[in-house]
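Have a look at the structure below, then the notes.
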Amino acid sequence: MSDFCWLLGINADDMIDYQDIESKWRSYWKERGIYRVERDESKPKYYVLDMFPYPSGAGLHVGHPLGYIASDIFARHKRMNGYNVLHPMGFDAFGLPAEEYALQTGIHPAISTQENMSRYREQLSMLGFSFDWSREVYTCDPNYYRWTQWIFVQLFEHYYDNARQKARPIGDLIEHFDHHGTEGLEASTSNKEEFTAASWKALSPREKDEMLMHYRLAYKKIGYVNWCEELGTVLANDQIKDGLSERGGHPVIQKAMSQWYLRITAYADRLLDDLQEVDWSNSLVAMQTNWIGRSYGTALYFPIVGHEEQLEIFTTRIDTIFGATYMVLAPEHDLVEQLTTDDQKEEVRQYISYVQSKTEIERMSEKMVTGVFTGSYAKNPFNQEDIPIWIGEYVLKDYGTGAIMAVPSDDERDQAFAKKFGLPIIDVIDKSDYPDAGLHDKVGKVINSGFMNGMELKDAIEAGNEYAVQHGLGRAVANFKMRDANFSRQRYWGEPFPVVYDQDGISHAVQLENLPVELPDTNDFKPGKGGKSPLAHLTDWVEMKNGFTRETDTMPAVAGSSWYYLRYMDPQNDQEFASQENIHYWQSVDLYVGGAEHAVAHLLYARFWHKFLFDKGLVPTNEPFKKLINQGMIQGIIEHILLKKDSDNNEFHSAQLVPSDELENYTKLYVHIDLVTNYNSSEPSYLTRDGILEFCKWRKFEQATFKSPDCDLKVRLSPGGQLQIDGDECDIQFQTLSEVGKMSKSRYNVINPDEVINQYGTDCFRIYEMFLGPIEQSKPWDTQGIDGVSKFLRKFIDLFHKNGQLNISEEKASDEELKIIHTVIKKVNKDIEDFSFNTAVSAMMIAVNELRKLGSNKIEILDPLVRLIAPFAPFISEELWSRLGNQSSVHLSSFPRHDESYLVENTITYPICINGKKRTVKEFAADMNQDEIEKMVRDMEELEKWLNGKSIRKVIVVPKRMVNLVV
RNA sequence: GCCGAUGUGGCGGAAUUGGUAGACGCGCUGGAUUCAAAAUCCAGUUCUGGCAACAGAGUGGGGGUUCGAUUCCCCCCAUCGGUACCA
């Protein structure tokens with residue numbers, strides 16, 4: 001018997017048992033397939049999508065379902081309002097954790113992944129979500145990744161036409177080369193050479209292949225990658241935190257390797273500009289905007305004294321070019337070797353080896369001012385002055401062209417460099433008109449700058465650009481922070497690339513009839529030598545019968561998640577990734593709900609793939625996710641006691657009210673106040689970290705003994721807040737302090753949803769998560785508060801029963817009852833549309849409280865009330881709906897609509913304010929006009945005590961709101 | 001540093017075309033019920049003063065606009081998230 005003896009005062013036999021009714025309806029829904037959805041041209045469609053989870057071994061905690069509950073309520077609401085709702089779920093099933101687990105345990109990732117997925121399916125079905133599981137997809141399914149590979153092949157076989165702003169087949173490019181070489185070609189490319197049709201034709205097949213790689217949207221190149229020796233793999237930037245791998249915290253170095261890349265930079269402008277079209281939060285748009293990082297400036301060529309080559313730089317401040325007194329190259333810049341004179345050779349060599357000895361972390365964190373002169377000079381193209389070329393670590397190889405013109409007068413870093421190495425500084429911007437402006441502010445008049453003298457900075461930039469174009473020195477360009485995306489991973493548990501190499505090393509895409517390239521089975525997941533993928537061990541697989549060899553890298557996890565929302569539209573299709581019929585019906589995702597941690601990587605890739613498919617005419621929409629909601633995190637409450645350890649005798653003392661500047665002398669004893677499970681004092685848990693005594697399972701001030709394995713200290717908390725150390729009772733009162741933070745095992749504040757559901761039922765859990773606060777906000781979980789929701793549900797069910805028996809009246813409802821129900825219908829409808837689920841719950845609580853006071857049990861009231869609560873409490877509402885005598889599911893019924901005529905008020909209570917301060921209230925008939933109200937207020941005798949004889953200067957009557965008297 | 005979000009009782013949070021600040025819930029206090037407890041029900045609960053009626057203060061801080069500001073404007077502070085030698 002569960003804890004729900006809540007139909008109070010009635011026989012145990014008559015009680016509703018949550019677990020019984022939940023399993024009853026869960027199987028009913030499953031048998032009838034009531035959440036299955038098919039294309040139906042007669043209904044408007046709506047697509048509600050959750051970010052599919054990575055099925056980790058740990059299962060779900062209370063934070064995970066938050067977004068799923070919200071989207072489920074929304075989907076159910078839409079469904080009951082007559083929409084054909086696509087609401088699917090699946091799994092992001094490829095990824096590093098399963099492979100790591102395999103390395104530790106020898107359990108094949110395919111097996112552990114399947115197990116984890118089963119567990120997730122079970123947990124998700126517990127929560128009563130209305131997913132159409134018949135549409136489930138998981139990314140490690142060959143029937144799914146066949147199409148991931150196919151899209152990759154399409155990217156491989158296309159290039160980007162900048163003039164038309166769309167992707168085009170690589171065949172068009174070859175044709176252009178055959179007839180015109182690079183002449184007149186506007187394409188997104190890493191190729192820097194121009195060539196003629198004749199020289200193109202003279203290239204060997206291998207050379208042609210290499211040249212095409214500079215244009216393909218999926219291409220291979222040698223690049224510096226984030227290499228993690230410990231994990232034996234290349235990592236994406238977002239897998240690195242503070243220069244260490246996110247998983248495990250291992251060092252990451254830069255290593256040159258041949259890798260697959262996606263030319264996402266070709267789409268940079270569209271990815272940025274189209275953010276205007278989507279309904280996403282400001283912070284998400286800002287994050288993507290920053291990540292793409294477009295800045296407008298000038299590409300300029302500086303002649304190098306005594307060399308053919310020119311030095312290309314990028315600057316946003318061409319207005320300062322007369323102040324450019326030297327140039328700086330990144331130490332890795334291609335021209336460094338050529339430009340280094342014999343005199344400087346040794347110094348440069350030493351400097352470069354110094355830079356290489358530093359890890360990326362050190363270089364980023366130290367921000368040292370270092371550099372060395374190459375011995376060469378460039379000519380400033382605007383004033384023909386010779387300026388020295390330096391190399392310095394503050395110039396990054398990856399941004400712009402890896403070379404800058406240095407203007408020490410107007411750039412902090414250049415200034416620091418110039419001061420250190422005694423390079424000249426020429427003032428070129430006069431900011432005397434802007435006394436508050438700092439070095440960064442783009443304002444001022446240009447001085448000491450030839451033809452630009454006297455111009456405002458912004459005009460000078462325009463003039464500078466014009467001058468550069470006229471004299472063939474450069475052009476205005478946009479530059480992006482975003483880099484092409486590294487798409488190769490040297491690991492097992494991912495999609496194999498659909499690419500093979502012939503005897504000449506020329507790459508060929510595997511065509512559709514031979515897809516998928518299945519991931520070969522093996523039990524050897526160890527990384528190959530020198531950063532090779534584990535697949536490289538499998539000689540039989542790598543070496544094909546026709547003499548070709550296979551690519552052994554695999555795709556990153558983000559590959560499978562870049563298009564899964566399209567596969568849900570037509571998950572079984574074995575002819576296409578999804579049929580055009582289905583895609584045109586479902587269009588794109590109307591509402592996407594998920595965590596902000598995917599703000600950049602996943603959402604950017606998915607948008608990029610979608611735009612590519614749009615260019616190919618395969619999807620009808622330009623953006624995949626119209627509206628996006630980031631659910632907040634559910635945080636844990638971290639409770640702790642402060643303890644001070646004496647350095648003399650190693651004794652601990654507890655402390656209260658420690659001044660903040662002394663906090664560092666104290667250690668935190670983390671404690672866990674667990675109100676859900678019963679505390680079992682015979683099994684204390686403990687752990688120490690850095691001498692800090694942490695944690696214990698502890699309920700209020702019940703007794704518990706804690707041990708520290710390090711210092712063999714026994715701390716005992718007893719009722720009343722007494723602290724005992726080593727068995728001796730210390731007469732020390734302590735104070736618990738609490739803070740709010742991430743749920744984590746190490747702080748013992750993780751709440752498991754299963755426990756909560758076991759005690760309170762799924763509906764209660766769902767409603768409580770919604771009631772906690774606004775969906776996008778992070779907020780702490782507090783199990784105590786769930787009682788309020790539990791009471792609400794009991795009162796709700798109570799409306800239908802008397803002495804444990806169903807007790808519904810067929811009588812007509814009173815005006816008062818009708819007003820209550822129509823008020824709540826109006827409010828809940830609006831709140832769901834606004835994603836304001838917490839206030840919807842609160843409105844339902846108010847309605848139930850009021851109906852309860854009236855003893856309302858009329859069918860005319862309870863029928864719409866059940867349908868109203870159905871999206872929130874799918875199980876209880878289904879049970880009550882059937883008890884009301886309905887044959888089909890409440891979830892297939894219609895959502896109630898309010899009738900405004902029941903909401904009309906006869907009288908309105910007006911607050912009467914004097915100078916904005918409320919003094920009293922008065923009721924007026926709703927149809928009274930402003931003048932009548934003003935007259936009656938002026939006649940109110942009781943006003944005198946606040947007026948103190950002053951006369952009323954003005955009366956402001958806001959209809960239906962308030963009255964304000966100005967004296 | 002830059003970008004973004006947030007700041008309201010003991011706690012989670014309501015209220016914005018500017019119009020009764022603190023809905024709803026937790027917690028707490030008192031009462032009913034009970035042998036007792038749990039559960040339940042009723043009442044109270046922003047702070048300060050007062051037995052009370054009531055008065056004053058009050059939405060991170062300081063200014064401003066307005067008859068009236070949690071809401072609009074300016075400056076500042078704090079917390080969280082992102083990003084960072086980006087030329």
Side-chain angles (χ1 to χ4, degrees), chain A residues 3 5-6 8-9 238 281-291 293-295 297-298 313-317 320 328 363-369 392-396 398-407 410-414 416-417 438 440 479-482 596-597 599-600 630 632-633 635 637 738 740-741 768 771-774 776-792 794-795 836 838-846 849 909-921 945 953-967:
Chain A
D3 260 9
C5 310
W6 38 260
L8 11 295
D238 58 286
S281 69
N282 286 345
S283 66
L284 205 57
V285 170
M287 269 191 240
Q288 291 220 344
T289 305
N290 286 341
W291 187 263
R294 179 167 64 194
S295 52
T298 315
I313 61 110
F314 171 76
T315 180
T316 55
R317 295 294 304 275
T320 63
V328 188
R363 214 167 136 179
M364 279 183 341
S365 59
E366 291 170 5
K367 295 190 180 175
M368 303 269 280
V369 182
E393 62 178 316
Y394 80 98
V395 175
L396 307 174
D398 282 332
Y399 186 73
T401 61
I404 60 159
M405 67 175 200
V407 183
D410 282 276
D411 182 286
E412 234 171 308
R413 297 151 303 173
D414 295 346
F417 194 87
H440 302 287
N479 193 47
F480 295 90
K481 274 196 234 178
M482 183 170 67
E597 65 272 23
V600 177
N630 283 132
M633 262 193 312
Q635 297 156 313
I637 294 171
S738 64
V740 167
Y768 185 53
F771 187 59
L772 277 175
E776 296 201 73
Q777 203 167 297
S778 289
K779 58 248 158 185
W781 175 269
D782 172 15
T783 301
Q784 283 191 342
I786 201 168
D787 281 339
V789 173
S790 185
K791 275 183 219 165
F792 155 66
R794 277 177 245 167
K795 290 181 200 165
S836 180
N838 56 329
T839 52
V841 173
S842 142
M844 294 190 291
M845 286 174 168
I846 293 168
N849 285 341
T909 304
Y910 282 78
I912 311 297
C913 305
I914 294 172
N915 286 340
K917 177 114 191 132
K918 183 188 129 191
R919 292 299 177 179
T920 185
V921 294
K945 71 178 155 183
R953 291 194 298 163
K954 197 175 173 189
V955 177
I956 293 155
V957 178
V958 184
K960 295 186 169 35
R961 289 287 185 185
M962 51 83 72
V963 178
N964 192 22
L965 307 175
V966 187
V967 298

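Every chain is numbered from 1 and lettered A, B, ... according to where its sequence line falls, protein lines coming before strand lines.
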- Query: Start at the 5' end of RNA chain B and walk down; is the nucleotide closest to T315(A) or to V921(A) reached first?
  - Reply: V921(A)
- Would you kindly compare D411(A) and Y768(A) by the position of their nearest RNA chain B nucleotide and give the one closer to the 5′ end? Y768(A)
- Examine distances only and state if a side-chain atom of S790(A) and a backbone atom of I786(A) form a donor-acceptor pair shorter than 3.5 Å. no
- Under 3.5 Å, side chain of Y910(A) to main-chain N/O of K960(A), donor-acceptor pair present? yes
If you check the [X] side chain, which of [options] turns out closest?
X	options	value
K367(A)	rC85(B), rG19(B), rU40(B)	rC85(B)
K779(A)	rC67(B), rG13(B), rG19(B)	rG13(B)
L772(A)	rG12(B), rG19(B), rA14(B)	rG12(B)
K918(A)	rA87(B), rG4(B), rU20(B)	rU20(B)
Q777(A)	rC41(B), rG13(B), rG19(B)	rG13(B)
P774(A)	rG12(B), rG13(B), rC26(B)	rG13(B)
M287(A)	rG82(B), rG25(B), rA23(B)	rG82(B)
I846(A)	rC41(B), rG19(B), rA23(B)	rA23(B)
F771(A)	rG25(B), rC26(B), rG19(B)	rG25(B)
R794(A)	rC3(B), rU40(B), rC85(B)	rU40(B)

If I pick the [atom1] atom on [M] and the same atom on [N], what distance separates them, to the nearest angstrom?
N	M	atom1	result
rC51(B)	rC42(B)	C1'	23 Å
rA57(B)	rA78(B)	C1'	23 Å
rU83(B)	rG13(B)	C1'	31 Å
rG81(B)	rC75(B)	P	26 Å
rU48(B)	rG9(B)	C1'	14 Å
rU8(B)	rA15(B)	P	15 Å
rU79(B)	rC47(B)	C1'	24 Å
rC86(B)	rC76(B)	P	23 Å

Can you find a side chain N or O atom of [X] that sits less than 4.0 Å from OP1 or OP2 on [N]?
X	N	result
K791(A)	rC26(B)	yes
Q784(A)	rC11(B)	no
N964(A)	rU66(B)	no
N290(A)	rA84(B)	no

Whole angstrom value for the distance that separates [atom2] of [N] from [atom1] of [X]:
X	N	atom1	atom2	value
M482(A)	rA84(B)	CE	P	15 Å
K481(A)	rU83(B)	NZ	C1'	7 Å
R413(A)	rA84(B)	CZ	P	14 Å
M633(A)	rU6(B)	CE	P	16 Å

Need one value for [X]: base, sugar-phosphate or nothing, where a base atom within 4.0 Å counts as base even if backbone is also close, heavy atoms only.
X	value
K795(A)	sugar-phosphate
V395(A)	base
N849(A)	sugar-phosphate
S283(A)	sugar-phosphate
M368(A)	base
M845(A)	sugar-phosphate

- Message: Need the glycosidic conformation of rG82(B): syn if within 90° of 0, anti if not. Which one?
- Response: anti
Pairs under 3.5 Å (N/O, protein and nucleotides 53-59 of chain B):
residue, atom, partner, partner atom, Å
rA55(B), OP1, W946(A), NE1, 3.3
rG56(B), OP2, R919(A), NH1, 3.4

- Query: If you take all heavy atoms of W781(A) and Y768(A), which pair is closest and at what distance?
  - Reply: CH2-CD2, 3.6 Å
Who is the Watson-Crick or G-U wobble partner of [N], with both distances under 3.5 Å?
N	result
rA21(B)	none
rU83(B)	rG1(B)
rG30(B)	rC42(B)
rU66(B)	none

- Query: Do N964(A) and K954(A) come close enough that some side-chain heavy atom pair is under 4.5 Å?
  - Reply: no
- Message: If you define the side chain from C-beta out and look only at heavy atoms, does anything of I912(A) sit under 4.5 Å from R919(A)?
- Response: no
- Query: From I404(A) CD1 over to D414(A) CG, what is the distance, rounded to the nearest 0.5 angstrom?
  - Reply: 4.5 Å
- Task: May I ask you to decide if the ring planes of Y394(A) and F417(A) are parallel, tilted or perpendicular, using 30° and 60° as cut-offs?
- Result: tilted
